[in-house]
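In the text below, chain A, chain B and the rest are named by the order of the sequence lines, each starting its count at 1. For clarity, every value in this text was computed on a predicted model and none was experimentally measured.
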Amino acid sequence: MKKLSEIKNWNVELEEEITSNWKSSDQFKFNPKTKKKIYSIDTPPPYVNSPIHMGHAVTYCFMDFFARYRRMKGEEVLFPLGLDRNGLPIEMAAEKKFKVSPFKVGREKFIEYCEKLLGEASVESIDSFAKLGISFSSYNQGQNIGDIYHTDSPEYRKITQWTFIDLFKKGLIYEDSRINNWDPKLRTTIADSEIDYIELDSTFNDVEWTIKETGEKVVIGTTRPELIATCGMVIYNPEDKRYKKLEGKTAISPIFNEEIPITAHPTAQIDKGTGLVMMCSAGDVSDIQFFREMNLKPRIAINQDGKMNEKAGALEGLKVKEAREKMIELLKKKNLLVNQEKISHRTPISERSKAEIEFIEMPEFYLKQLEVKKDIKKIAKKINFYPKNSKKILDNWIESVSIDWPISRRRYYATPVPLWYSEDKIALGKNGIYVEPWKTAPENDSEVLDAKTKKVIGLVKDFKDAKWVGETRVLDTWFDSSISELNMLQYHKDDGFFKKAYPASLRPQGKEIVRTWLYYTILRGYLETGKECFNDTWIHQHILDGNGRKMSKSLGNVIDPQLILKEDGAESLRFWAATEGDLSKGDFTCSKEKIKAERKSLNKLLNVSKFVMMFEKPKKKPKLTSLDKLFINYLEDLTSKTDSTYEKYDFNHPAQDLRKFLWDIFASNYVELVKNRAYNEENKFSNEESDSARYALHFLLERLLILLYPIIPQITTLIANEKGIDLLNGEWPKANVGELDLNLVEKLLNFNSQIWKTKKEQGISLRNPLKGIKIPKELSSFEKDLRVCHNI
RNA sequence: GGCCCCAUAGGCUAAUGGUAGACCAUCUCGCUUACACCGAGCAGACCCAAGUUCGAUUCUUGGUGGGGCCACCA
């Protein structure tokens, strides 16, 4: 490491030396045999197929603050990096990059494309983390606790499958044919949490129907005329006097001439449309609920490829939108279309593919979550939320969960459902082995269940004649991600360690994935262990561009952390991240200028250290002067505040206080006041007084380095090295809060400022004497220093 | 429609029942035995209305504006 005296300014080259050293060293390695308290951080695995963005950079800096602080407090910190490589984003990237469709090239080939893409996925992200100085337990991928893990590794996937098998045997996972959210573009079922809503233009069509019994004409409004064939019931509001006469009568659907029963139901709103509603199978979510409630058998007219089927009669073979147009045409021809009105319609779309969601009945696997809703709420109460009010996001979501979690997907690059079928038998994957049923046969000693009773009836080898057909579906990516903390703590791998380390200490994550990642993890953790999975969770907000807008490629306002790292360095970025604001309270507005400006603080620290290092630290603690005592007391007090605030994951307020201490209290005032006494060239002070200044200078610097280390570890380590101090493994200081009146510091600062101002006004150089100044009574014990400093 | 968060100088923010403190930028001045990536200083702000109060930027209610989550929309 470079000598302090050789460094003029803090710069990126200095950082490169330090961080590359850290990356290859094992000083942050996790020791599983430790006797220390274990502190584990379940970090959010970033997607590998794109380099990290500003949001990652900043939030991982925060996690690193937490990790380094905990180490200093004497805890054994488990801080692994995971890389998320499963699921649709990878598949979509492969489709785009190699211009292939999984439905054309076949599964095996397509997986090869995905793997090829993943193989090429750069290590750029890992490199960026290292340059940021993130102290992950390890920067190597491997099987040791704390190593970098891949969510698509056989080791990870086999734990996912193990939990699936257990839940399946317990009857907590079941298969059911239900109407599901269907993404026609990706051709897979998706969960409610993966749906977005956007406003789309649509047309509201008033269509004429006939009442069978009376021949009367009625008008029904709809945005989905192509679904008339699937109409199961026509309803009106019980309070709606206009339609009371229709109760129990039958409506004849236009074009299809089906007989549809009419009834009163509160779902219908009097003032919407004509007040009459045709309830179709699966037009939207409320239709699904309605069919379930009324016990109607849905008629599904849309196929998995998003085209109409034979139930749609003349519309068969058309895509949904084409079918809608054709239907409108048909209605017009027969003069059944009374009116058309353009409206803006909130339409459910797939979060990933942006395709409009259709509702299609398919058999899928479900994980029971409704019956444990109450337990999950209880369990969630045991987790400390930082900030407290972010728990509401979770509570709101739990409240609104209304169906079990559909966990199977009809895609390829994910964890396979570990099942095989043969007539009335189901073979299970073997726990502890990663299986791919779609291409391999079950192990001979795998368990076999009776398909109906789900009871174990033997092993695969007991059924020699059975022809096993492998399951082709895969699991939702959240089914993997939601066991990240179990995986980190060696669930099903090292029971002794797991028992010791569970629940995990902290889950840091963004507010936008509370309803997915946090919720699902709590659910899965509870189902596996009956306990809460985390002690603490830290929920952060977002990083916005300089104008307070979301950063996005299309807006062209993305600030690249790699660029910042190159130009201003990690320490500036980290110091900015800590001082900018409280990320758990509000969004960060990101500005390059501000990050650059923090370099000044680093140089200030560097220069003040150089100054202090000019003096030797007295070997013995001398008798301290009252001025030195006062400033030491001040920092002791700040130590105590910093410690208790760090403890609550708040690094912002301490960072601001420490920066203020560095600039205004230490550098500008204390150093100026004791400069002369420390040099003592004119022998105006006794040796003891001079020693006291030197001792205090070193004490204050050392303490400041300790308190700042979690935030700016590189520069503090470099300075501490020169002083022969090990910040990482040193003792965390016990604050000796003294009895001195700390307000005196403020008064001293004001007094100094007053003198400097007066000299300036009178055009006197700072070194020259000033007459006629009275030192206030309360500052009289500092008189000697004040006189010499200001030459008064 | 329900819920949550937010509103302070040109920008970004802090604290507070007694009218506000930083930072960046601007402007003026300066060269001081660590630091010109420096120092000193000037100027500049509490969204609106009502209520509680001796006193409200702070508490309450309402409004306006911004952000987010959820539900629903035939």
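In this structure, the nucleotide among B/U33, B/G11, B/A34 sitting nearest to the side chain of A/Y679 is B/A34. Distances from the side chain of A/A597 to the nucleotides B/C24, B/C37, B/G68 place B/C24 closest. For A/N603, taking side-chain heavy atoms from C-beta onward, the closest of the listed nucleotides B/U33, B/C37, B/C69 is B/C37. Here the side chain of A/H653 is nearest to one of B/G68, B/A14, B/A34, namely B/A14.
A donor-acceptor contact shorter than 3.5 Å is absent between the side chain of A/D650 and the backbone of A/K648.
Scanning for salt bridge (charged side-chain N to carboxylate O under 4.0 Å, His left out) contacts around A/R507 gives A/D42, with sequence neighbours left out. Contacts of A/E702 classified as salt bridge (charged side-chain N to carboxylate O under 4.0 Å, His left out), with partners at least two apart in sequence or in another chain: A/K617, A/K723.
Screening A/K757, A/E672, A/K747, A/H790 for a side chain to side chain donor-acceptor pair (under 3.5 Å) involving A/N752 leaves a single residue, A/H790. Residue A/Q369 forms a side chain to side chain donor-acceptor pair (under 3.5 Å) with just one option from A/Y519, A/Y520, A/W405, and that option is A/Y519. Just one of A/I711, A/L658, A/I715 meets the side-chain contact (heavy atoms from CB on, under 4.5 Å) condition when paired with A/F575; it is A/I711.
Side-chain contact between A/L748 and A/L627 is present, with heavy atoms from C-beta onward closer than 4.5 Å. In this structure, the side chains of A/L770 and A/N791 stay at 4.5 Å or more apart for every pair of heavy atoms.
Across the P atoms, B/U8 and B/C3 are found 25 Å apart, a figure rounded to whole Å. Taking atom P in both B/G67 and B/U52, the straight-line distance is 35 Å, to the nearest Å. Using atom C1' as the reference point in both B/A40 and B/C35, the two lie 16 Å apart (nearest Å). The same atom, C1', is picked in B/U33 and in B/C29; the two are 23 Å apart, to the nearest Å. Straight-line distance between the C1' atoms of B/A49 and B/A7: roughly 16 Å, to the nearest whole Å. Comparing B/C12 with B/A25, their P atoms are spaced 16 Å from each other, to the whole Å. Taking atom C1' in both B/G21 and B/U16, the straight-line distance is 11 Å, to the nearest Å. B/G1 and B/G63 have their P atoms separated by 11 Å, with the value rounded to a whole Å.
Base pairing in RNA chain B gives the following stems of 3 or more Watson-Crick or G-U pairs, range against range and under 3.5 Å: B:1-7 with B:64-70, B:27-30 with B:38-41, B:47-51 with B:59-63.
In this structure, CG of A/D657 is placed 10 Å from C1' of B/A14, rounded to the nearest angstrom. Taking atom CD of A/Q541 as the reference point, atom C1' of B/G68 lies 8 Å away to the nearest angstrom. In this structure, A/R599 places its CZ atom 15 Å from P of B/C24, rounding to the nearest Å. Separating the CD atom of A/Q656 from the C1' atom of B/C24 is a distance of 14 Å, rounded to the nearest angstrom. Computed from coordinates, the A/I398 CD1 to B/A71 P distance equals 14 Å when rounded to whole Å. As a whole-Å value, the separation of A/L606 CG from B/C37 P is 14 Å. Taking atom NZ of residue A/K600 and atom P of nucleotide B/G39, one finds them 8 Å apart after rounding to whole Å. Distance A/H790 NE2 to B/A40 P: 12 Å, rounded to the nearest Å.
The 5' end of RNA chain B is approached more closely, in terms of each residue's nearest nucleotide, by A/T579 than by the other of A/T579 and A/V608. Of the two residues near RNA chain B, A/G221 and A/K610, the one whose nearest nucleotide lies more 5' is A/K610.
Under 4.0 Å is where a charged nitrogen must lie from a carboxylate oxygen, and between A/E598 and A/R659 at least one such pair does.
Side-chain contact, A/N750 with A/Q754: no donor N or O sits under 3.5 Å from an acceptor N or O.
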Using the 3.5 Å cut-off, write out each protein N or O paired with an N or O of nucleotides 41-46 of chain B and the distance between them.
| unit_1 | atom_1 | unit_2 | atom_2 | d |
| --- | --- | --- | --- | --- |
| B/G41 | OP1 | A/S753 | OG | 2.9 |

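When all heavy atoms of A/L523 and A/I376 are compared, the pair lying nearest together is CA-CD1, 3.7 Å. Here the closest heavy-atom approach between residue A/I262 and residue A/T250 is recorded as CD1-C, 4.0 Å. Pairing each heavy atom of A/L227 with each of A/M278, the nearest pair is C-CE, 4.3 Å.
Residue side chain A/F611 fails the stacking definition with respect to B/C35, as its ring centre and the base's six-membered ring centre are not both under 5.5 angstrom apart and under 30 degrees in plane angle.
Heavy atoms of A/N676 sit under 4.0 angstrom from at least one base atom. A/W576 comes within 4.0 angstrom of no nucleic acid atom, judged by non-hydrogen atoms across all strands.
Under the side chain to side chain donor-acceptor pair (under 3.5 Å) criterion, the residue pairs touching residues 566-577 of chain A are A/D64-A/R574, A/D568-A/K596, A/W576-A/E580, with sequence neighbours excluded.
Within residues 666-674 of chain A, the residues that have a heavy atom under 4.0 Å from RNA chain B are, in order of number, A/A667, A/V671, A/E672.
One donor-acceptor pair, N or O on each side, does fall under 3.5 Å between the base of B/C35 and the side chain of A/K604.
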